[in-house]
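No experiment lies behind these values; they were computed from the predicted model shown. This chain uses plain numbering: 1 for the first residue, then up along the sequence. Heavy-atom basis, side chains included; hydrogens, waters and symmetry copies ignored.
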Amino acid sequence: MKLPPLRAVQYFEAVARYNSFSKAAEDMNVTQSAVSHQVRLLEEYLGESLFTRQGRNLSLTPIGERYFDDVSNALVNISQSSQQIREGESGKIRLAIYSSLAVKWLIPRLENLKQQHPEIELTLNMVAENPVLSEQVADCFITISPSKKNYVSEFLYKEQLYPVCSRKLWQQIQDKPLPESMWQLPLLTVKSVFPSGTAGEDWAKWAQLGDFEIPKDVQVTHFSHMILAAEAARYDQGIALLNNYFMSDQGRQHDFVRIPMHDLPTGDNFYFVYKKTREKQSEIITLGRWLKQQCFEQDIE
């Protein structure tokens, strides 16, 4: 079905609203002749007169009045729908975030967000891999793969891994030399830490940074994701290299001990990402500031 030209409909609506071609032209920032031309094209397309012109007096015809009612409502709906897609629904934000980061770092802090910013209604969309940057997925994202086109990327922190075990296992090795005493315990390795997905690569790189080798007879247990290795470490099943966000206050007090050895930078930086068209949305600005504040206060850098 062929539709009338949208510009002509917009110009007609403005003329009908102001009951004046000159005021409509001023509002649309065009010449009066341009408005008259577009309205004439629309009348030719419809095959009906929309205005009655008697000297300087201008009025809508009965058909023009009906058409104005219909198109004015339609234009309002188009404007509102476009604004909602461009800026999102006020107060409501969907955040796509890695599952482990959500469970171990963000969710324990959500009460603080509610207390400081009750106007924000946050919905989490947890993802296992890098989220697709699309508004079909979320309004904003925490990701290590920011887009350079049409998106704003705000730095949150640099990822570092630390050797961590349970308090029970730490009691077995705390008075013995490091790292030799660590080889008495299973090493929990995570395939997804580095892009290659090579089993044991995290521990191999960690040992290389320390200028030593892991004995070949050390028991190694493999996991697909860090959150699984963290749970295994919490239940006394070995030593894991965990992201710094696992070492929350609760984790340090009840579950984990950070073994006093060097860290392993993964080379990944975490960013808060959102579309450029939404960079002035107050909820996006507020959430970004709050996230960076949480990273700073927890020394996640």
Side-chain angles (χ1 to χ4, degrees), residues 93-110 112-113 116-117 120 122-135 137-164 189-197 201-202 205-206 209 223-231 240-252 256 258 262-276 278-279 281 283-301:
I93 302 179
R94 299 168 299 151
L95 174 65
I97 180 173
Y98 300 111
S99 301
S100 57
L101 183 61
V103 172
K104 294 297 183 179
W105 185 76
L106 181 58
I107 290 178
R109 292 168 169 77
L110 286 183
N112 177 273
L113 176 64
Q116 290 192 33
H117 306 289
I120 295 180
L122 184 65
T123 300
L124 300 183
N125 178 11
M126 294 195 296
V127 295
E129 307 296 339
N130 293 329
V132 176
L133 300 183
S134 167
E135 291 200 345
V137 177
D139 304 307
C140 49
F141 311 80
I142 294 181
T143 178
I144 61 173
S145 299
S147 173
K148 295 182 179 180
K149 185 178 181 181
N150 300 325
Y151 282 85
V152 176
S153 300
E154 298 181 2
F155 175 79
L156 293 178
Y157 75 96
K158 179 175 67 175
E159 184 179 52
Q160 294 173 284
L161 307 184
Y162 304 96
V164 171
T189 180
V190 179
K191 293 182 179 180
S192 61
V193 169
F194 294 100
S196 67
E201 185 176 7
D202 50 353
K205 287 181 177 292
W206 181 82
L209 281 177
F223 294 91
S224 61
H225 290 83
M226 193 174 295
I227 194 168
L228 301 177
E231 287 301 292
L241 287 168
L242 297 185
N243 195 306
N244 34 16
Y245 59 69
F246 280 88
M247 299 302 292
S248 63
D249 291 338
Q250 183 179 2
R252 285 193 293 266
F256 296 134
R258 177 181 170 184
H262 61 279
D263 62 290
L264 173 63
T266 66
D268 287 333
N269 294 325
F270 282 66
Y271 298 88
F272 177 58
V273 178
Y274 51 90
K275 290 187 73 172
K276 288 182 179 179
R278 305 183 68 170
E279 60 184 346
Q281 185 178 347
E283 292 85 359
I284 295 286
I285 295 172
T286 298
L287 180 60
R289 288 175 178 170
W290 181 84
L291 288 169
K292 285 182 281 189
Q293 178 187 16
Q294 297 303 306
C295 291
F296 175 79
E297 291 180 354
Q298 293 298 321
D299 290 328
I300 300 181
E301 298 180 347

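Here I120 contributes atom CD1 and T286 contributes atom OG1; the two are 5.0 Å apart, rounded to the nearest 0.5 Å. The distance from the CG atom of L95 to the CE atom of M126 is 11.5 Å, given to the nearest 0.5 Å. Atom-to-atom distance recorded for Y271:OH and S145:OG is 10.0 Å, nearest 0.5 angstrom. Interatomic distance, I93 CD1 to H117 NE2, rounded to the nearest 0.5 Å: 10.5 Å. Atoms CG and CD, from N112 and Q294 in turn, are 5.0 Å apart once rounded to the nearest 0.5 Å.
Minimum heavy-atom separation, S224 to S192: O-OG, 2.9 Å. The nearest pair of heavy atoms linking F256 to A230 is CZ-O, 3.4 Å. The two residues L156 and C295 make their nearest non-hydrogen contact at O-CB, 3.8 Å. For the residue pair P108 and V103, the shortest heavy atom distance occurs at CD-O, 3.6 Å. Nearest heavy atoms, I97 versus I142: CD1-CD1, 3.9 Å. Closest approach of W290 to R109, counting heavy atoms only: CZ2-O, 3.3 Å.
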Checking salt bridge (Lys or Arg N to Asp or Glu O under 4.0 Å) for the pair R278/E283: CA distance, chi angles, key distance, verdict? CA-CA 10 Å; R278 305 183 68 170; E283 292 85 359; over 6 Å; no
Assess the residue pair N130 and I144 against the criterion (side-chain contact (heavy atoms from CB on, under 4.5 Å)); give the C-alpha distance rounded to whole Å, side-chain angles, the decisive distance to 0.1 Å, and a yes or no. CA-CA 7 Å; N130 293 329; I144 61 173; 3.4 Å; yes
Could you please spell out the steps behind the side-chain contact (heavy atoms from CB on, under 4.5 Å) verdict for L106 and L291? CA-CA 9 Å; L106 181 58; L291 288 169; 4.2 Å; yes
If you apply the rule side-chain contact (heavy atoms from CB on, under 4.5 Å), what do you find for L124 with L110, and how did you get there? CA-CA 11 Å; L124 300 183; L110 286 183; 4.2 Å; yes
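When side chains are defined from C-beta on, K104 does not count as touching L242, because their heavy atoms never get closer than 4.5 Å. The closest side-chain heavy-atom distance from Y157 to N243 is below 4.5 Å. Two residues are said to be in side-chain contact when any heavy atoms from C-beta on lie closer than 4.5 Å; S99 and I227 fail this criterion. Between S134 and F141 there is no side-chain heavy-atom pair separated by less than 4.5 Å. You'll find the side chain of D263 stays beyond 4.5 Å of the side chain of L209, heavy atoms only. Proximity of F194 to T266: side-chain heavy atoms (C-beta onward) are separated by under 4.5 Å at one or more points. Contact check for E201 versus V193: no side-chain heavy atoms found under the 4.5 Å cut-off. Annotation: side chain of T143 is in contact with side chain of Y98 (closest heavy-atom distance under 4.5 Å).
Ring planes of W206 and H262: parallel class, angle under 30° (limits at 30 and 60°).
In this structure, the side chain of D268 does not engage the main chain of E159 through any donor-acceptor pair within 3.5 Å. Remark: the backbone N or O of I284 is not paired with any side-chain donor or acceptor of Y274 at under 3.5 angstrom. Between the side chain of N125 and the backbone N or O of V137 there is at least one donor-acceptor pair closer than 3.5 Å.
Using a 4.0 Å cut-off between charged side-chain N and carboxylate O, R289 and E154 make no salt bridge.
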